[in-house]
Amino acid sequence: MNKEVNKGAAEKESHNFLEEIIENDLASGKVKSVLTRFPPEPNGYLHIGHAKSICINFGLAAKYHGKTNLRFDDTNPVKEDTEYVDSIKEDIHWLGFDWSNEGYASDYFDQLYEWAEKLIMKGYAYVDDQTQEEIHKGRGTVSVPGKNSPYRDRSPEENLDLFRRMKAGEFADGEKVLRAKIDMASPNMLFRDPLMYRILHTSHHRTGNKWCIYPMYDFAHGESDSIENITHSICTKEFDVHRPLYDWFIDKLDIFPSHQYEFARLNLTYIMMSKRKLLDMVNQKIVSGWDDPRMPTICGIRRRGYTPESIRTFVEKVGVAKRENMIDLSLLEWCLREDLNKRSNRYMVVQDPLKIVIDNYEESSEDDIMDAPKNQENESAGRRSIKFSKEIYIERKDFQEIPENRKFRRLKPGGEVRLKYSYIIKCEDVIKDENGKIIELHCSYDPTTKPGSNPWRKCKGTIHWVSAKYAKTIEVRHYDRLFLKEDMGNLPEGTDYKEFLNPDSLKINEAYAEPNLLEDNSGISVQFERDGYYIKDKDSTPDHFVFNKATGMKSSF
RNA sequence: UGACCUAUGGUGUAAUGGUAGCACGGAAGAUUCUGGUUCUUUAAAUCAAGGUUCGAUUCCUUGUAGGUCAACCA
């Protein structure tokens, strides 16, 4: 009992800073329950970086028995589309989360508009007639204070009239904007009279042509949080300079005090996670689409064979903090293997075949049938039968005429090796063509070594194989890395990302598979024994099976 | 150069004033009908300098390094 207590003390739970904040808020009574939100803009597909945000927002709320809203930040109609709304919902569900309320910033346009008028009347907002360029120049720089707009001191009545006429469509795009009246000399650039509304005569994917003025992020986000009574608005660190403004609007409007907290976004070696660049890839047809298995999108890695469990584990392992990070891709791959090890069925596939003729094996219409588990670590996965025959294929690299070192334990001239789930064979002869290339091996087999026979004879090497007679041909697609050829993370601004793409990111080859593989309906990645994890691609047809490589084994040889 | 954020093994992340822990990656070994899995062992870290303190990864000051912000994007 004492030991139990000690054990419990030793395994003290480690908290990230967000958990600490929430626990304090709950303990102090600042909030009664937790309500978070995931606020994507429907202008692209979700990627692995968003997965972190999703797991944090939904996971944190769930941990403290709270709820999470899904809210689409759809305040810019020129970029947004319903196609993205649907894909985002699908991806969140696939990751294993569900929201308690589905909302849209556009649902709140009326309320937002009303609040804008309120700020105008209180003297906190004004209509500016300056051009985009004038506004930009007037803002100053990080070291030079900005200058007040000549329109800054219009009366609330005049501003209200102008703003109503903006709404009524009396002005063209860019002719006028509504700005918050704060401080053009503020050291925080966001406080130099930020824009609240701009004129956009563009149809919106949900509100259609009802509006021709649309709120900016800063005026929509905190207010939307407040409307929904979000208690913890958790976002990435780029927004930390926005927080004072987030608070300013809430304060001036005197509405529900949502609070924003920031964490560092996910960076992964070899992976590019800029939505804009990913969109370029799709538009320029450098990839087949958002779900191309090389893409770091949720749908891309799903098609690649990643499981939602592995991604959730990954986010958990990565942790939450505010410092910049660059996670090694090997951690993601470890999370995948960890999950797949337990649940993937195993099949033998030979990708670079070397033919073997078993000289002393009698060819007959009734070949030997070998019994094998689908997954040695999980008997409930069931079993499979594998037919043996006189001619088989093995992996070319599983034979070495002159072993490279003493540790080599696969096939060599005169040596023995066990065929997985089958007989021990001995290499008797090596046949080469006129160039010296090995074209086939002649072997003998030991009939007493059939699995199940007694006694069991051990053999230090075991290799996989397929029967030449029964094997099926499949297409195998290898993606060495998800995307970049170098450890670039997010590429610097202005670089041509195409130069950095891994030219070998996609290799296709034919392979021989045991027939059972084609009948596997587990729907999750399958292990090609000794090689890695693969999943059947949607491009497969009844007579042409395509497999994508999810990830390799821990080490290959 | 202004404001804000950050700094712990190779990479992440704990320790909030009291033994620097965990994971991935690395190395070594055991088990194994997958050179996988599993198990064991192991090397490796507090940005720097001051200060407060009996005691500092933790608090303060200064510096250094990195990140974010000057879109009618979010």
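Computed from a predicted structure; not experimentally measured. Below, chain A is the first sequence line, B the second, and so on; all start at residue 1.
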> A:S330 or A:R418: which one's nearest nucleotide on RNA chain B is closer to the 5' end?
Replying inline: A:S330
> Counting only Watson-Crick or G-U wobble pairs whose two distances fall under 3.5 Å, which nucleotide matches B:C69?
Replying inline: B:G2
> Which part of the nucleic acid does A:V142 contact within heavy-atom distance under 4.0 Å: base, sugar-phosphate only, or nothing?
Replying inline: base
> Rounded to whole angstrom units, what separation is found between the CG atom of A:N375 and the C1' atom of B:U37?
Replying inline: 10 Å
>> Using Watson-Crick or G-U wobble geometry with both distances under 3.5 Å, which nucleotide pairs with B:A27?
In response: B:U41
>> In whole Å, measure the gap between the P atoms of B:U8 and B:U58 for me.
In response: 13 Å
> Does any nucleotide pair with B:U57 by Watson-Crick or G-U wobble geometry, both distances under 3.5 Å, and what is it?
Replying inline: none
> To the nearest angstrom, how far is A:Q260 atom CD from B:U68 atom C1'?
Replying inline: 13 Å
> In whole Å, what is the span from the CG atom of A:D218 to the C1' atom of B:C72?
Replying inline: 13 Å
> Taking the P atom of each, how far is B:U19 from B:A56, in whole Å?
Replying inline: 12 Å
>> Is there aromatic stacking of A:F314 on B:C24 here, judged by a ring-centre distance under 5.5 Å and a plane angle under 30°?
In response: no
> Under a 3.5 Å cut-off for both distances, is B:A74 Watson-Crick or wobble paired, and to whom?
Replying inline: none
>> Should the side chain of A:H15 and the base of B:A15 be counted as holding a donor-acceptor pair, with the cut-off at 3.5 Å?
In response: no
>> Just to verify, which of A:R152, A:K181, A:R179 counts as forming a side chain to side chain donor-acceptor pair (under 3.5 Å) with A:D193?
In response: A:R152
> Is A:R410 side chain donor-acceptor paired with the B:G35 base, going by distance under 3.5 Å alone?
Replying inline: yes
>> At 4.0 Å (heavy atoms only), tell me whether A:T313 reaches a base, stays on the sugar-phosphate, or touches nothing.
In response: nothing
> Does the ring center of A:F314 lie less than 6.0 Å from the ring center of A:W334?
Replying inline: no
>> So which atom in A:M370 and which in A:Y423 form the shortest heavy-atom distance, rounded to 0.1 Å?
In response: CE-CE1, 3.4 Å
> Any donor-acceptor pair under 3.5 Å between the side chain of A:Q376 and the base of B:U34?
Replying inline: no
>> Quick check on B:A3: is either OP1 or OP2 less than 4.0 Å from any side-chain nitrogen or oxygen of A:R192?
In response: no
>> Between A:R323 and B:U68, is there a contact of a side-chain N or O with OP1 or OP2 at under 4.0 Å?
In response: no
> Looking only at atom P, what distance separates B:A15 and B:C59, rounded to whole Å?
Replying inline: 12 Å
> For A:N16 and A:I135, take the nucleotide of RNA chain B holding the closest heavy atom to each; which residue's nucleotide lies nearer the 5' end?
Replying inline: A:N16
> Should the heavy atoms of other residues, nucleotides or ligands under 6.0 Å from CD of A:E133 be counted, would the total exceed 12?
Replying inline: no
> Within the structure shown, what part of the strands sits under 4.0 Å from A:P39 by heavy-atom distance: base, sugar-phosphate, or nothing?
Replying inline: nothing
> Within the pair A:R457 and B:C33, is there a side-chain N or O less than 4.0 Å away from OP1 or OP2?
Replying inline: no
> Hey, would you say the A:F109 and A:H204 ring centroids sit under 6.0 Å apart?
Replying inline: yes
> Strictly under 6.0 Å, is that where the ring centroids of A:Y246 and A:H242 end up?
Replying inline: no
> In the structure shown, which nucleotide is the Watson-Crick or G-U wobble counterpart of B:A48, with both distances under 3.5 Å?
Replying inline: B:U62
> So what's B:C22 paired with, Watson-Crick or G-U wobble, going by both distances under 3.5 Å?
Replying inline: B:G12
